[in-house]
Structure formats: C-alpha cells, structure tokens
Amino acid sequence: MPELGSLPTLHRRITDWFHHEARDLPWRDPDCGPWGVMVSEFMLQQTPVVRVLPVWTEWMRRWPTPADLAAEPTSEVIRAWGRLGYPRRALRLQAAAQRIVEQHGGDVPDTEAELLALPGVGAYTAAAIACFAFEIPTVVVDTNIRRVHARLVSGRALPEKSLTRAESALAQTLLPEDPGTACAWNAGVMELGALVCTARSPRCGECPVAELCAWRTAGMPEPHYQPRGQSWAGTDRQLRGEIMAVLRENGSATGSELQSVVASSGRLGEHTPEPDQWRRCLSSLVADQLAERRPADADDDGPETTYSLPG
DNA sequence: AACACGGGGAA
DNA sequence: TTCCCAGTGTT
C-alpha cells in the first residue's frame, strides 16, 4: 500500500494523463447519453475497442433509444451484432432494452442496483454505466484496473486469477473521495491498463506513475502463475460461431446444408466435427435462443430439420 | 470455484 | 502461425 499522503498524487497524475492521452471514443462524448454508454459496455465486455467502434456506430444510428432496439426482430439484432463474438450478448442487450421499456419508462436506470437487475449486466457493467453515464462515484473493477492495481500498489506482475475481497477492498481504498474525480480515476486507470500497463509488454516509459510503481520497485518479478490461454480450434465455440455465420447470411438452413456450407468454408481447417459435436452445438444454440429448430420436436441434424434465426 | 461462451488483431 | 484477450451466467 502506498502511504495515504501519496494518494492525491496518484489521482492527479493518472487523471491528468487521462485528460491528455485518452482515446477519443464516441461513447466518451458528453452528448453520447446513457444508452450509448450501455451499448458500448455490452460490446466491450469481451471485444477490443477497434472492433467495437464500427458496430457501435451503426447500432446507435439504427437504434438510438432502448425502445428502438426493443421493437426490432431478434434476427436483425443478431445480424447487426455481426462478428463481435459471444452473440448471446446481443440477445441480452435486447432483453435489457425491453426491460428498460417495460419497467423504466424507456430510460436507462440511473442506480447501480437497478442496472444490476438487467439481463447481461453484472457487477462490472452496472458500475461502469453508473460511473460513465451518470457520473455516480462508484468502484469500477475490470481486468485492466485489477492489473494496474496489482502492479502499482501490490508489486505483482498480474492480479489474482479471480477477483478477491482484498482486491475489491484495495479498489475502494484507492477511489478518490471527490465524486468528480472518482469517475475520471476509474476511466483513467482502465485506459492506463489498456494502453500502457498492458498484460505482456508494459510501456513503462509512457507511464505517468512509473516511479511510484511497486512492481518496478520490486524489480518487476515474474507472475506467480502462468496464465493459460484458451484453446479455440475444434471447440464448440468455433463451430457455434460458424453455424451462426451461416444463419446470419442465409437466414435459415437445414442441418445437412449447415454441415456442407461450414465444411466448404474452410474456416474449420482440418477439423471435421463429429456428429455428436454437431448435435451438441445445434442444440445449445437452440437452447440459447440464438437459433430456432423446425419442426420443434426434431432432435437431430437430419436433412429435414431446419434451423433459422429467431423472430 | 470452474466452466462455457467468439472472433480477430498483435506478436 | 501462435498468442492473447475478459465479463456474465450456469453448473
């Protein structure tokens, strides 16, 4: 822990840095509004800024209010989500928009508790919307912020594998008392983690608090565990993604058509899914309501079974 | 606590 | 080509 007296220095250095170096992102525009912030947070949950930008822009042009999105056929929402990944997020965003229309008069709610009750909104997203859309001073903790805290204050290369009570307590301690500064602090620490204090090759030469960093003072020790990447090739996630790509393009297809189109696309490489994997992925997409199966009682990927985008 | 969930850009 | 990213919801 830094001495209490040094906290204002941390706050000032990082908020000053953010003021000068922050990326000019449309959801940071003061005129963006809570809905634009909410859409951006859903899209940014697992997707980098550069890929979110064009989709967010078109999304907001097309559906400038929650009511606009709520009224749209789900198939169009899934198509507009495109290749952002994790398409269940698109369903949850529309479900949240519908809840906002039904229970909040069409306006994004302005308390963390109400936000947390919306589909697809967890602790991080509720705090982020409260802070960045409504300027409510609250503790925002995402993976970038956790990494900056781990290095700057705790002297470790990486945060714990999952959020601990100690990390939450630390974040609370570090939050500026001044409400106006708190949101700039949250945004600044997050931006610092995204641009400078990156996971693998931190740009300490560009860091406004490098000389205060406990990790550097400690000689930049290696992480206490080896982060393990996720496999991708041949996984259900990959096959689900390819199935959704075909459905977005064609609207509907039989089970056998899906198999031939996906196979001829070549995107699976040398992997040839087993019948069990086809059944598992098709059934899970139906269960997730990302696809509809007709006839409804069909339980396989036979030639007469048809899959389509929902509604 | 562990797992499932997409996709593309950087290294 | 391989590596890397990251919050929510379910089990």
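To find a chain, count down the sequence lines: A is the first, B the second, and so on, and within it residues start at 1. Only heavy atoms go into these numbers, but all of them, side chains included; no hydrogens, no water, no symmetry mates.
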**Student:** What's the gap between B:dG6 and C:dT11 when it is taken at their P atoms, as a whole Å value?
**Tutor:** 15 Å

**Student:** Rounded to whole angstrom, note down the P distance from C:dC4 over to B:dC5.
**Tutor:** 22 Å

**Student:** Could you write nucleotides 3-11 of chain B as a row of B, S and -, 5' to 3', where a protein heavy atom under 4.0 Å of any base atom gives B, of only sugar-phosphate atoms gives S, and otherwise -?
**Tutor:** --BBBS--S

**Student:** Should the ring pair A:Trp185 and A:His149 be called parallel, tilted or perpendicular, given that the plane angle runs from 0 to 90° and is split at 30 and 60?
**Tutor:** parallel

**Student:** Grab the two heavy atoms, one from A:Cys183 and one from A:Cys131, that are nearest each other, plus how far apart they are.
**Tutor:** SG-SG, 2.9 Å

**Student:** Once you round it to whole Å, what is the distance between P of B:dA1 and NZ of A:Lys161?
**Tutor:** 13 Å

**Student:** Measuring only the C1' atom in each nucleotide, how far is B:dA2 from C:dA6? A whole number of Å is fine.
**Tutor:** 16 Å

**Student:** Whether the A:Tyr307 and A:Glu257 side chains hold a donor-acceptor pair (N or O, under 3.5 Å, no angle test) is what I'd like checked.
**Tutor:** no

**Student:** Within the 3.5 Å criterion, strictly below it, is a donor on A:Ser265 or A:Glu242 matched to an acceptor on the partner's side chain?
**Tutor:** no

**Student:** Using whole Å, what does the distance between atom P of nucleotide C:dG7 and atom CE of A:Met38 come to?
**Tutor:** 17 Å

**Student:** Which residue lies toward the 5' end of DNA chain C, A:Asn144 or A:Val121, if each is placed at its nearest nucleotide?
**Tutor:** A:Asn144

**Student:** Restricting to non-hydrogen atoms, name the atom on A:Val189 and the atom on A:Ile14 that form the minimum distance, rounded to 0.1 Å.
**Tutor:** N-CG2, 3.9 Å

**Student:** What I want to check is whether the side chains of A:Arg294 and A:Ser252 have a donor and an acceptor closer together than 3.5 Å.
**Tutor:** no

**Student:** Quickly work out the A:Gln289 CD to C:dT10 C1' distance and round it to whole Å.
**Tutor:** 15 Å

**Student:** Look at all strands and tell whether A:Pro159 reaches a base, only sugar-phosphate, or nothing, counting heavy atoms closer than 4.0 Å.
**Tutor:** nothing

**Student:** Round to a whole Å and report the spacing from CD of A:Glu160 to P of C:dA6.
**Tutor:** 17 Å

